[in-house]
Participant: 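Take this structure, written in structure tokens, and hold onto it; I'll ask about it next.
Chain letters run A, B, ... following the sequence lines, proteins first and then strands; every chain starts at 1.
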Amino acid sequence: MSEEIKYEDSELYKIRHSAAHVMAQAVLGVFPEAKYTIGPPVKDGFYYDFELPRTLTPQDLKQIQKRMRKTLSRQYDFEKQVLSADEAREIFKNQPYKLELIAGLEAGGVDEYGEKLEGEVEISTYTHDNFVDLCRGPHVENTSQINAKAVKLMSIAGAYWRGDENNQQLQRIYGTAWNTKEELDAHLWQIEEAKKRDHRKLGKELDIFAFDEEVGPGLPLWLPNGAVIVEELEQLAKQMEREAGYKQVRTPHLTKEDLFIRSGHLPYYAESMYPPMEMEGGKYYIKPMNCPMHHKIFAARPHSYRDLPIRLAEYGTCYRYEKSGELFGLMRVRSMQMNDAHIYCSEAQFEEEFMAVIDLYMKYFKIFNIEKYVMRFSTHAKEGLGKKYVDNERLWLKTEDMVRQAMQNGGVRYVEVEDEAAFYGPKIDVQVWSAIGREFTLATNQVDFSVPAKFDLKFTNANNEDEIPLCIHRAPLSTHERMIGFLIEHYAGIFPVWIAPVQAVLIPITDDHLDYAYEVKKKLELLGMRVEVAADSGRMSAKIRKAQKKKVPYMLVVGDKEVEAGAVALRMRDGEDRGAISVDEFITLATKTIAERT
RNA sequence: GCCGACGUAGCUCAAUUGGCAGAGCAGUCGCCUUGUAAGCGACAGGUUAUGGGUUCAAUUCCCAUCGUCGGCUCCA
């Protein structure tokens, strides 16, 4: 990776940045009264945000693109000019957003996102043709370096000024730009391919989950096939957690408000919680997370340092009132089951416990063959102490160091991001991307050196004194919803045999072979396999096609020869025909594959 | 929640400028008895998301609600 040119320094970056200017010029051509804001390059393209007199239509996009092509057919230089704040103000006197940016640059070197700039700040403009934009570059030298056939405007969207929902909402136009038309076509093709593995599409095709308007948005229904996957994941988690010394607990879905007052979730988290129910004068909430319940379990009995660490695990069912626009298939829902656990330990035990959790992550990633992810280490920021972060710098630095040390000792690659921690401690998030490119936190591993105190959690240490334990919140398998959404896309629906909802389909060639098919099915089911018989009146090849579309791992064709020999003709879903093998041989092969989760 | 687009059979999609709502697949029932990705036929399937409005007439035009999608914000 390090040998590659950074995107920010690449030619493509300049092309996209420059294309954004050309687009802004075109928009101003159509709407002379438009206020333009910022327009940076992004992954695969660029955007530009505008305040416009009316909302844009797809027709407008065509017109804007046409104007862009006209500009790109000529040869205009991009000319940089460094100027004073006053000079800049004169040029952009009718552009309030630009004036705000100039003020930011002048005052303390704040960039277009409100982030601090390093070093000396100069104010500069880039001009091509008749269009001037406040910009620090870089750009291509001349518009002719942008291939008009490799630029395409993609969509119109709403966006808030400086990303703050309290600010003015602007209209954003997304575009994509490449070196050549071939690259553009390849990109568009890739988008189409990605849609095919979108979990919302595959989830429907493979009968994994469904939403129902009368049930409500963000409340998925697991169809039988989906429930199989849920069950397999739970069994995996329970097995791994048993081996790692966790104890299973179970807690209610409802709780009095007192619990969330103590935990500190109310009122700060209230807007993500379902409104309370009033019962006998008291308020009850549906839980948005399990931690307070687990803390109460820890507090339910006295503990000696000899008992620690105590690891409490639960696939807890939680409900969060996510804003309607934030819902996204299974990836972002309102009802969810978390692969949750809380580990209570002493400071001395912390590193080992944290490492063990990371180790568990790695085991899971190996099982699922997950390679494309980023571990994000989120730390506190000094300025936030006592505000968004618990005011205990010693423990922040100590636990952050412990986490850093554990990650480095384990040889785990991560990126460190300041000022992204939970309020109670640093954390490691595992970031992944959905098929259509949206980023998600799949798993999370958080240190908590604060909330245990709020719950008066304690254990008796070796000196016979009360001591507050540290707590590790961890969810390596995320929630069932997000994990399965992710797995559907990760495998493109071609699940490994152990989680495949249907593992084998018996395909009788004629009805004469039905009895034998059922006989084999029963034999396989006794071993715990999920098997179906294709008993419809179609041709064998039609039955294969059906099984193939459902991505069933094993297709077992049975005809006269197989009945005679006590065999099945094994066809794999990649099309490989393994010919006739004995039923016992198939059982050996299948049960081994399933048991090894390969 | 905000901005925009969209909503026709279980699924994927048709339906000239407002003029009788259709097809393929899936399903059911027959026939065929079949060797590695679609055998043939018949039947059934709809208050065009929901509720109002305009009109002689609305899937089509207008309004509201619900839902989905693309983004923003936010997140397991």
Side-chain angles (χ1 to χ4, degrees), chain A residues 47 49 52 55-58 60 154-174 195 198 200-201 204-205 207 210-218 271-272 288-290 316 318 320-334 336-340 429-432 436 438-446 473-483 485-486 507-514 536-549 555-562 569-573 575-580:
Chain A
Y47 68 80
D49 289 346
L52 300 172
T55 51
L56 290 166
T57 65
D60 294 324
M154 303 295 280
S155 60
I156 307 160
Y160 300 104
W161 168 237
R162 286 195 152 147
D164 185 337
E165 61 183 326
N166 300 312
N167 286 346
Q168 171 74 31
Q169 187 153 31
L170 306 165
Q171 295 191 67
R172 174 173 296 181
I173 303 176
Y174 277 98
K195 282 184 189 162
D198 189 313
R200 293 168 297 184
K201 182 176 162 67
K204 201 183 276 182
E205 286 171 6
D207 303 311
F211 288 97
D212 185 287
E213 280 199 27
E214 287 185 57
V215 176
E271 70 165 28
S272 295
M289 59 254 309
N290 306 300
C318 298
R320 296 181 185 175
Y321 197 85
E322 306 288 353
K323 292 179 190 170
S324 56
E326 295 166 349
L327 301 174
F328 178 67
L330 278 184
M331 299 294 217
R332 191 75 181 276
V333 291
R334 287 176 172 167
M336 69 207 84
Q337 262 185 289
M338 285 199 258
N339 172 230
D340 215 353
D429 287 329
V430 178
Q431 302 300 110
V432 297
I436 61 167
R438 223 180 271 188
E439 183 176 346
F440 285 97
T441 298
L442 188 68
T444 186
N445 188 12
Q446 312 178 345
H473 306 236
R474 44 112 280 182
L477 289 181
S478 192
T479 60
H480 278 319
E481 289 72 19
R482 188 169 286 182
M483 189 71 195
F486 171 78
I507 298 176
I509 288 178
T510 76
D511 291 352
D512 294 340
H513 312 114
L514 266 172
D536 60 275
S537 63
R539 293 279 158 315
M540 180 209 64
S541 57
K543 294 175 182 178
I544 285 178
R545 184 164 193 272
K546 273 185 198 169
Q548 197 77 49
K549 293 199 98 172
M555 281 158 267
L556 307 173
V557 180
V558 292
D560 286 340
K561 285 181 283 184
E562 287 74 21
L570 173 59
R571 179 194 158 99
M572 311 297 279
R573 63 189 149 177
E576 185 193 356
D577 182 357
R578 298 215 186 166

Participant: Could you tell me whether A:Arg438 sits above the aromatic face of A:Phe328, with NZ or CZ closer than 6.0 angstrom to the six-membered ring centre and within 45 degrees of the axis?
Facilitator: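 Yes.
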Participant: Can you sort out the partners of A:Glu271 under salt bridge (charged side-chain N to carboxylate O under 4.0 Å, His left out), two or more places apart, ordered by chain and number?
Facilitator: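 A:Glu271 satisfies salt bridge (charged side-chain N to carboxylate O under 4.0 Å, His left out) with no other residue.
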Participant: Round to the nearest Å and state the distance from A:Lys323 atom NZ to B:C75 atom P.
Facilitator: 9 Å
Participant: Kindly write out the residues that satisfy side chain to side chain donor-acceptor pair (under 3.5 Å) with A:Lys561, not counting sequence neighbours, or none if the list is empty.
Facilitator: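 If we apply the side chain to side chain donor-acceptor pair (under 3.5 Å) test to A:Lys561, skipping adjacent residues, there are no hits.
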Participant: Protein-nucleotides 36-45 of chain B N/O pairs closer than 3.5 Å?
Facilitator:
residue, atom, partner, partner atom, Å
B:U36, O3', A:Arg571, NH1, 3.4
B:U36, O2', A:Arg571, NH1, 3.2
B:A37, N7, A:Arg571, NH2, 3.4
B:A38, N7, A:Arg545, NE, 3.1
B:A38, N7, A:Arg545, NH2, 3.2
B:A38, N6, A:Arg545, NH2, 2.5
B:A38, N1, A:Arg545, NH1, 3.1
B:A38, N3, A:Arg545, NH1, 3.3
B:G39, N9, A:Arg539, NH1, 3.3
B:G39, N7, A:Arg539, NH1, 3.1

Participant: Without decimals, in angstroms, what is the distance between A:Lys561 NZ and B:U34 P?
Facilitator: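 Rounding to the nearest Å, NZ of A:Lys561 and P of B:U34 are 13 Å apart.
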Participant: Take atom CZ of A:Arg334 and atom P of B:A76, then tell me their distance rounded to the nearest Å.
Facilitator: 17 Å
Participant: Determine the Euclidean distance between corresponding P atoms of B:A37 and B:C69; express it in Å to zero decimal places.
Facilitator: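 It works out to 35 Å between them.
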Participant: Identify, with sequence neighbours excluded, every residue that meets side-chain contact (heavy atoms from CB on, under 4.5 Å) alongside A:Lys204.
Facilitator: none
Participant: Which residues pass the salt bridge (charged side-chain N to carboxylate O under 4.0 Å, His left out) test with A:Asp429, not counting sequence neighbours?
Facilitator: A:Arg376, A:Lys427
Participant: If I pick the P atom on B:G71 and the same atom on B:C29, what distance separates them, to the nearest angstrom?
Facilitator: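 Straight-line distance between the two P atoms is 44 Å.
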Participant: Could you work out, with side-chain contact (heavy atoms from CB on, under 4.5 Å) as the rule, every residue matching A:Gln168, not counting sequence neighbours?
Facilitator: A:Glu51, A:Tyr97, A:Leu170
Participant: Tell me the salt bridge (Lys or Arg N to Asp or Glu O under 4.0 Å) pairs involving residues 540-549 of chain A, sequence neighbours left out?
Facilitator: A:Asp536-A:Lys546
Participant: Do A:Tyr321 and B:G1 share a donor-acceptor pair, side chain to base, under 3.5 Å?
Facilitator: no
Participant: Could you tell me how far apart A:Tyr174 (OH) and B:G70 (C1') are, to the nearest whole angstrom?
Facilitator: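 Spelled out: OH on A:Tyr174 to C1' on B:G70 is 9 Å.
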Participant: According to salt bridge (charged side-chain N to carboxylate O under 4.0 Å, His left out), who are the partners of A:Arg200, at least two apart in sequence or on a separate chain?
Facilitator: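 For A:Arg200, the residues satisfying salt bridge (charged side-chain N to carboxylate O under 4.0 Å, His left out) (neighbours in sequence not counted) are A:Asp198.
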Participant: Would you mind reading off the distance between A:Gln168 atom CD and B:U73 atom C1', rounded to a whole angstrom?
Facilitator: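 Result: 15 Å.
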Participant: B:A76 base to A:Thr479 side chain: any donor-acceptor pair below 3.5 Å?
Facilitator: yes
Participant: Roughly how many Å apart are B:U34 and B:A15, using the P atom of each and rounding to a whole number?
Facilitator: 44 Å
Participant: Write down the distance separating the P atoms in B:G7 and B:C75, rounded off to the nearest Å.
Facilitator: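 Each nucleotide's P atom is 33 Å from the other's.
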Participant: Sort me out a list of protein N/O and nucleotides 4-12 of chain B N/O pairs below 3.5 Å, or just none if empty.
Facilitator:
none

Participant: All N/O contacts under 3.5 Å from nucleotides 61-63 of chain B to the protein, with atom names and distances to one decimal?
Facilitator:
none

Participant: Does RNA chain B take part in any stems of at least 3 consecutive Watson-Crick or G-U pairs (both distances under 3.5 Å), and if so, which ones?
Facilitator: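 As far as RNA chain B goes, consecutive pairing (with distances under 3.5 Å) yields the stems B:1-7 with B:66-72, B:10-13 with B:22-25, B:27-31 with B:39-43, B:49-53 with B:61-65.
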Participant: Within the structure, does a side-chain N or O atom of A:Arg320 lie under 4.0 Å from either OP1 or OP2 of B:C75?
Facilitator: no
Participant: How far does the C1' atom of B:A44 sit from the matching atom of B:G1, given to the nearest Å?
Facilitator: 44 Å
Participant: Check every atom of B:C72, B:A26, B:G70 against the side chain of A:Ala159 and return the nucleotide holding the closest atom.
Facilitator: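 Looking only at heavy atoms from C-beta outward on A:Ala159, the closest nucleotide is B:C72.
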Participant: Go through the structure and list residues passing salt bridge (charged side-chain N to carboxylate O under 4.0 Å, His left out) with A:Arg482, not counting sequence neighbours.
Facilitator: none
Participant: Can you find a donor-acceptor pair, distance only, under 3.5 Å between A:Arg332 side chain and B:C74 base?
Facilitator: yes
Participant: Nearest-Å distance, CZ (A:Phe328) to P (B:U68)?
Facilitator: 13 Å
Participant: Within the modelled atom types, does a donor on one side and an acceptor on the other bring the side chain of A:Arg438 and the base of B:C75 under 3.5 Å apart?
Facilitator: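 Flag unset: no donor-acceptor pair detected.
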Participant: Give me the distance, rounded to whole Å, that separates B:G51 from B:C13 when you measure between the P atoms they each carry.
Facilitator: 25 Å
Participant: Classify the side chain of A:Asp511 and the base of B:U33 as holding, or not holding, a donor-acceptor pair under 3.5 Å.
Facilitator: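 Such a pair exists between side chain and base.
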Participant: Would you indicate, yes or no, if B:C75 has its OP1 or OP2 atom less than 4.0 angstrom from a side-chain nitrogen or oxygen of A:Thr441?
Facilitator: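 No, no such contact exists.
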